[in-house]
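Submitted below is the structure of interest, expressed as structure tokens.
The structure displayed is predicted, hence computed values, not measured ones.
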Amino acid sequence: RRQDLHRLIGQAMEELYADRLAEHCEMLAYHYAKGNAWAKALTYFQQAAQKAVEAFATREAVSLYDQAFEAARHLGDAVTTETLMAMHQAQSALYYVLSAFVQARAESEKILAYARQAQDKYRIGEALAGMASASTFAHDFDQAIEEAKQAIESVEQIDARTILATSYYTMGFVHTVTGRHEEAKHELNQSLSLRKEPDLPTHEPAPNRIPHRSCCHAGGARQRPQRQ
């Protein structure tokens with residue numbers, strides 16, 4: 001059967017190139033996907049996507065993450081929520097690079113759904129802050145303000161100064177460009193005040209959280225350390 005042949009090719013490649021699998025992760029992902037070996041396909045699609053990111057091949061990385069999500073759908077509950085959230089965050093960051101801000105917001109909205117399911121207040125706030133940032137770049141200013149307010153409300157009871165600073169900056173930025181300067185001044189001052197101290201280490205960080213572009217341009221807050 002053709003599926004068996006693809007799996008055998010994948011296994012042969014793993015043995016032949018055991019010391020340099022990263023060089024062949026795209027072909028390994030392809031053969032394992034064609035062979036319905038979805039766990040290995042997911043692993044190699046993720047590696048290939050990250051490889052494309054590092055090579056600044058953004059559109060290729062987006063396509064590879066799309067294929068990783070397809071593999072994950074075949075695996076169902078065998079894929080952890082943490083893995084899915086990290087993939088959506090990575091995809092969101094890639095859409096920022098492509099100035100595809102509606103799609104970037106949609107990825108953050110998917111993260112929000114997982115965070116709410118887990119009742120994780122920090123990640124709920126973080127996802128809403130990411131959505132607000134993307135909405136700002138998409139020039140949907142009313143939505144950006146509403147999402148930033150929700151982000152602030154969601155983390156008021158926990159120590160999450162990065163999220164608060166990001167959200168206040170988004171509101172201040174929007175109010176600046178829409179001519180509401182007194183509100184903008186207050187919100188930007190709030191953001192600057194919150195930026196003076198990092199979050200306390202009360203929450204385990206996930207990789208590639210708030211997209212770099214949103215922090216620099218519409219979030220204003222320094223990223224938390226990423227897990228290696």
Side-chain angles (χ1 to χ4, degrees), residues 13 17 20-34 38 40-75 79-115 123 126-140 143-144 147 162-163 166 169-170 173 205-228:
M13 289 182 68
Y17 304 115
R20 47 197 178 101
L21 291 175
E23 296 178 17
H24 304 279
C25 53
E26 300 90 346
M27 288 304 299
L28 285 161
Y30 169 81
H31 285 298
Y32 278 124
K34 289 295 185 181
W38 295 113
K40 286 200 170 186
L42 174 59
T43 296
Y44 285 120
F45 276 129
Q46 287 178 285
Q47 291 178 11
Q50 184 56 39
K51 182 178 171 182
V53 169
E54 292 170 0
F56 303 101
T58 305
R59 294 187 185 280
E60 181 182 349
V62 168
S63 176
L64 288 163
Y65 272 119
D66 285 341
Q67 293 174 83
F69 282 118
E70 178 63 24
R73 279 190 284 273
H74 283 280
L75 290 167
V79 183
T80 66
T81 298
E82 187 71 33
T83 295
L84 293 170
M85 291 174 75
M87 287 167 56
H88 283 300
Q89 183 61 68
Q91 192 81 305
S92 179
L94 291 168
Y95 281 130
Y96 266 88
V97 175
L98 295 173
S99 297
F101 303 118
V102 172
Q103 293 92 325
R105 183 194 174 279
E107 295 298 319
S108 290
E109 191 169 23
K110 292 170 184 175
I111 297 170
L112 176 63
Y114 288 120
R123 292 186 179 180
E126 191 173 57
L128 285 163
M131 291 165 63
S133 175
S135 294
T136 299
F137 279 110
H139 293 181
D140 192 340
Q143 182 165 271
E147 288 163 348
T162 298
I163 294 170
T166 299
Y169 185 92
T170 295
F173 180 89
N208 299 318
R209 281 191 175 272
I210 300 172
H212 175 73
R213 186 168 184 177
S214 69
C215 287
C216 292
H217 296 279
R222 184 172 54 193
Q223 285 182 293
R224 303 179 73 196
Q226 295 180 2
R227 183 189 305 155
Q228 299 299 316

- How close do Val102 and Ala138 get, heavy atom to heavy atom, and via which atoms? CG2-CB, 4.4 Å
- Enter the distance from Arg73:CZ to Leu75:CG here, rounded to the nearest 0.5 Å. 11.5 Å
- ring pair (Phe, Tyr, Trp, His ring centres under 6.0 Å) filter on Tyr30, not counting sequence neighbours, yields His6
- Message: If you compare all heavy atoms of Ser108 against all heavy atoms of Gly130, which two are closest, and at what distance to 0.1 Å?
- Response: OG-C, 4.0 Å
- Task: Can you measure from CD (Gln89) to CG (Leu94) and round to the nearest 0.5 angstrom?
- Result: 10.0 Å
- Query: Would a 4.5 Å heavy-atom cut-off, applied to side chains only, mark Tyr17 and Glu23 as touching?
  - Reply: no
- Only counting residues at least two apart or in another chain, list the ones meeting side chain to side chain donor-acceptor pair (under 3.5 Å) with Glu109. Arg105
- Full working for side-chain contact (heavy atoms from CB on, under 4.5 Å) between Arg123 and Ile111: CA-CA 8 Å; Arg123 292 186 179 180; Ile111 297 170; 5.6 Å; no
- Task: Test side-chain contact (heavy atoms from CB on, under 4.5 Å) on Leu28 and Gln47 and set out the steps.
- Result: CA-CA 10 Å; Leu28 285 161; Gln47 291 178 11; over 6 Å; no
- Spatial distance of atom OG1 (Thr136) from atom CZ (Phe173) [nearest 0.5 Å]: 7.0 Å
- Message: Contact between Val62 and Gln103 at the side-chain level, heavy atoms closer than 4.5 Å - yes or no?
- Response: no
- Item | Pair Glu54 + Lys51: basic N to acidic O under 4.0 Å | no
- Rounded to the nearest 0.5 Å, what separation is found between the OG1 atom of Thr170 and the CD atom of Glu147? 10.0 Å
- Query: Between Ala129 and Ile163, what is the shortest heavy-atom contact and its length?
  - Reply: CB-CG2, 4.3 Å
- Going from CG on Leu42 to CE on Met87, what distance comes out if it is rounded to the nearest 0.5 angstrom? 5.5 Å
- Between Phe69 and His88, does the ring centroid distance fall short of 6.0 Å? yes
- Note, Asp66 side chain near Gln91 side chain (heavy atom, < 4.5 Å): yes
- Message: Applying salt bridge (charged side-chain N to carboxylate O under 4.0 Å, His left out), can you list everything that pairs with Glu60, at least two apart in sequence or on another chain?
- Response: none
- Task: For Ser92 and Ala104, work out which heavy atoms get closest and say how close.
- Result: OG-O, 3.1 Å
- Report yes if the distance between the aromatic ring centroids of Phe45 and Tyr65 is under 6.0 Å, otherwise no. no
- Query: With a 4.5 Å heavy-atom cut-off, do Tyr44 and Leu21 have their side chains touching?
  - Reply: yes
- Determine whether the side chains of Ser133 and Tyr96 contain a donor N or O and an acceptor N or O closer than 3.5 Å. yes
